[in-house]
Student: 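Quick one: the structure is below, and I'll ask about it shortly.
Each ligand, and each atom within it, is numbered from 1 in the order the structure gives.
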Amino acid sequence: MSRVVVRGTGLFTPEGGVTNDELVESLTTATLHWNEANAGAIARGELAARDLPSAKFIVRASGVGHRYVIDKQGVLDPTRLRPRIRRRGEEELSLQAEICLSAAREALAQAGRSGDEIDAIVVGCSNLQRPYPAIAIEVQAALGAGGFAFDMNVACSSATFALQNVVDALRGGHARRALVLNPELTSGHTNFELREFHFIFGDACTAIVLEREDEGDEPAVGEAWEILDTRLVTRFSNNIRNDAGFLNPCEEPARAPHELLFRQNGRQVATEVSPMVAEHLRKHLADAGIPIDRVRRLWLHQANLGMNRAIAKTLLGRDALPEEAPVILDEYANTSSAGSVIAFHRHRGGIDVGECAVLCSFGAGYSIGSVLLRKLRA
Ligand code: CO8
């Protein structure tokens, strides 16, 4: 019998830390300018004046206190409100491959592996900087890895959907050692001009090294988490959309650039998705024969603190202790698919060998992915 284990994780965090107050100050300046510049149209009722943002609202409504972005200066410049990213030549490493490599190197070091021992790489994220050649293949070349590599996108659920793909490939004998990478450059796709959206996201990249261990193999030394099971589900919804795509320049009538950025009906998402996630996890654990009181940790997708508390409470039948459902949202904001993996990377201490835990993502699509893990070796 072979099993699939997680052997290491890595995290790339950009240097640019941005507080809620900094973000609110910049958007307040930009909004006052916008209202002034459009005063005539606002007075004639052709445009609505934009409301000012509030740091108090952000923390209360979402739990986000801070985020890291790839270019703090560009994001905070009220006349720009988006990152400034140097255009790179074709012979240079792309930005997304670069942050993948940074996270991958940490995960490989933790696993005690080198790049040439990897034979499958899946890059999963909400926004890929180009359709092809795949970022994953660029990373494969830079690491000297073998086998195959491909990119995929299931928005915030990209990490768990990538994990299931990789687990299947390892179990099926198509690969021996794999890397799952989640390079989320959300600041390139956030609407920093509107208070409804400007605070939600942050940039980060995560990496996970997975291996197949066959019966009779000499087990590798060091920490290992057995993947007991994975489960994915999707249900169509228009409540979270990103309409940027290759047909945009062909469309008539053309859309305004801001219509091609992330948008959502956040309240409806929270109301609809939280019970779906709780039920999905309850059923997944029940089908796997794992009672909820044997689950030591819930590494949940990090979009909204209230949502995570509600999901954990429904599952546990009581409020979760902070260490049972760790939060990284206060520091990193929503990093899309990287969020639950950052929680796993940062908060997996204090769990004994043999104990179980859950990694779960949810988001646009709608999509939900859950991974049941058991600590195999310390
Ligand atoms: N400052 C002050 N007031 C504000 C602000 C602000 N920044 N933002 C909104 N308000 C106002 C609103 O205008 C509204 O005013 P009014 O009552 O006068 O109309 C009032 O505050 C209340 O607004 P909401 O009802 O929208 O407030 P909520 O309490 O619902 O909080 C949240 C909004 C925080 C967005 C919350 O609904 C939420 O977090 N929902 C969950 C969303 C979620 O989980 N989404 C998943 C998205 S991520 C994903 O799937 C992957 C996408 C890929 C990423 C791409 C990268 C960009």
Side-chain angles (χ1 to χ4, degrees), residues 20-28 30-31 48-65 67 69-70 75 81-83 96 124-129 153-161 182-205 234-244 258 260-277 300-311 327 329-330 332-340 360-369:
N20 287 345
D21 285 340
E22 287 176 301
L23 207 58
V24 164
E25 189 187 331
S26 148
L27 182 56
T28 299
T31 304
R50 286 183 180 171
D51 295 316
L52 295 180
S54 132
K56 218 161 129 187
F57 169 88
I58 297 171
V59 175
R60 187 170 38 81
S62 69
V64 172
R67 74 283 298 140
V69 293
I70 207 77
V75 164
L81 298 181
R82 60 183 189 280
Q96 236 166 353
C125 60
S126 297
N127 291 290
L128 286 154
Q129 73 176 85
N153 176 358
V154 196
C156 289
S157 296
S158 297
T160 50
F161 278 59
N182 309 106
E184 293 288 5
L185 292 172
T186 64
S187 62
H189 221 267
T190 297
N191 190 339
F192 288 104
E193 288 183 35
L194 294 181
R195 71 175 189 171
E196 286 79 1
F197 307 123
H198 78 130
F199 63 89
I200 297 177
F201 293 104
D203 299 333
C205 178
T234 51
R235 198 186 87 191
F236 187 71
S237 166
N238 273 320
N239 282 326
I240 312 169
R241 280 194 77 97
N242 167 346
D243 282 313
H258 72 265
L260 304 176
L261 297 173
F262 166 90
R263 65 199 151 89
Q264 69 172 355
N265 301 315
R267 170 106 2 155
Q268 217 170 328
V269 172
T271 309
E272 292 178 2
V273 172
S274 304
M276 276 171 68
V277 174
L300 298 177
H301 175 51
Q302 305 280 317
N304 183 289
L305 184 57
M307 277 176 89
N308 284 17
R309 284 186 175 151
I311 292 165
V327 174
L329 193 60
D330 49 346
Y332 278 83
N334 180 347
T335 54
S336 193
S337 66
S340 56
C360 177
S361 63
F362 40 88
Y366 296 138
S367 56
I368 303 173

Student: Please work out which of L329, N265, N304 has its closest non-hydrogen atom nearest to atom 32 (C) of ligand 1.
Tutor: N304
Student: Counting non-hydrogen protein atoms only, what is the nearest one to atom 24 (P) of ligand 1? Give residue, atom name and distance.
Tutor: R267 NH2, 4.2 Å
Student: Among all protein non-hydrogen atoms, which one is nearest to atom 57 (C) of ligand 1, and what is the separation to 0.1 Å?
Tutor: H189 O, 3.3 Å
Student: Which of the numbered atoms in ligand 1 are below 4.0 angstrom from a heavy atom of T190?
Tutor: 57 (C)
Student: Counting from 1, what ligand 1 atoms have a heavy atom of E196 closer than 4.0 Å?
Tutor: 8 (N), 13 (O)
Student: At what distance is the nearest protein heavy atom to atom 55 (C) of ligand 1, and which residue and atom is it?
Tutor: N127 ND2, 3.7 Å
Student: Do any nitrogen or oxygen atoms of H301 come within less than 3.5 Å of a nitrogen or oxygen of ligand 1?
Tutor: no
Student: To the nearest 0.5 Å, what is the distance between NE2 (H301) and OG (S340)?
Tutor: 7.5 Å
Student: Give the single entry among F262, Y366, F199 that approaches atom 52 (C) of ligand 1 most closely by any heavy atom.
Tutor: F262
Student: Going by the order shown, which atoms of ligand 1 are within less than 4.0 Å of some heavy atom of M307?
Tutor: 41 (C), 44 (O)
Student: Write out the residue and atom name of the closest protein heavy atom to atom 14 (C) of ligand 1, then the distance separating them to 0.1 Å.
Tutor: R195 NH2, 4.4 Å
Student: Check each atom of ligand 1 against the heavy atoms of P53 and keep those under 4.0 Å away; list them by number with element.
Tutor: 1 (N)
Student: For S158 and A155, indicate whether the former's side chain and the latter's backbone hold a donor-acceptor pair under 3.5 Å.
Tutor: yes
Student: To check your reading of the model: name the closest protein heavy atom to atom 48 (S) of ligand 1, its residue, and the distance in Å.
Tutor: C156 SG, 3.1 Å
Student: Under 4.0 Å from atom 28 (P) of ligand 1, do we find at least one protein heavy atom?
Tutor: yes
Student: Going by the order shown, which atoms of ligand 1 are within less than 4.0 Å of some heavy atom of N334?
Tutor: 48 (S)
Student: Could you identify the single nearest non-hydrogen protein atom to atom 47 (C) of ligand 1 and state the distance to 0.1 Å?
Tutor: Q264 OE1, 3.4 Å
Student: Measure the shortest side-chain to side-chain distance between L305 and V327 over non-hydrogen atoms and say whether it is less than 4.5 angstrom.
Tutor: yes
Student: Quick one: does any side-chain atom of Q129 pair with a main-chain N or O of Q96 as donor and acceptor, under 3.5 Å?
Tutor: yes
Student: Please confirm whether F201 and F262 have ring centers closer than 6.0 angstrom.
Tutor: yes
Student: Which ligand 1 atoms are under 4.0 Å away from a heavy-atom of S336?
Tutor: 51 (C), 53 (C), 54 (C)
Student: Which of the listed options, G365, S126, A303, holds the heavy atom that is closest to atom 53 (C) of ligand 1?
Tutor: S126
Student: Give me the nearest non-hydrogen protein atom to atom 40 (N) of ligand 1 as residue plus atom name, then the distance to 0.1 Å.
Tutor: G266 O, 3.0 Å
Student: Could you give the distance from CD (Q268) to CD1 (I240), rounded to the nearest 0.5 Å?
Tutor: 10.5 Å
Student: Quick one: OG1 on T335 to CG on D203, what's the gap to the nearest 0.5 Å?
Tutor: 9.0 Å
Student: Does T186, backbone or side chain, put an N or O under 3.5 Å from an N or O of ligand 1?
Tutor: no
Student: Counting only N and O atoms by type, is there a donor-acceptor contact under 3.5 Å from the side chain of T186 to the main-chain atoms of G202?
Tutor: yes
Student: Using a 4.0 Å cutoff against the non-hydrogen atoms of V269, which atoms of ligand 1 qualify?
Tutor: 42 (C), 43 (C), 44 (O), 45 (N)
Student: Atoms of ligand 1 less than 4.0 Å from G363 heavy atoms?
Tutor: 50 (O)
Student: Please indicate, with yes or no, if any protein heavy atom is found under 4.0 Å from atom 17 (O) of ligand 1?
Tutor: no
Student: How many angstroms lie between atom CZ of R263 and atom CG of L194, to the nearest 0.5 angstrom?
Tutor: 11.5 Å
Student: Salt bridge between E193 and R50, side-chain N to carboxylate O under 4.0 Å?
Tutor: yes
Student: Does R309, at its CZ atom, have more than 12 non-hydrogen atoms belonging to other residues, nucleotides or ligands within less than 6.0 Å?
Tutor: no
Student: Any chance you could measure F161, atom CZ, to S337, atom OG, to the nearest 0.5 Å?
Tutor: 12.0 Å
Student: Hey, are the side chains of S187 and R82 touching, using non-hydrogen atoms and a 4.5 Å cut-off?
Tutor: no
Student: Suppose we measure from atom 6 (C) of ligand 1 to each protein heavy atom; which comes out shortest, and what is that distance?
Tutor: F57 CD2, 3.2 Å
Student: Please tell me if atom 10 (N) of ligand 1 is touched by the protein, where touching means a protein heavy-atom distance below 4.0 Å.
Tutor: yes
Student: What's the separation between atom CG in L81 and atom NE2 in H258, rounded to the nearest 0.5 Å?
Tutor: 13.5 Å
Student: Say whether A364, considering both its backbone and side-chain N or O atoms, lies within less than 3.5 Å of an N or O atom on ligand 1.
Tutor: yes
Student: Taking the side chain as every heavy atom from C-beta outward, state whether Y332 and Q302 have any pair of such atoms under 4.5 Å apart.
Tutor: no
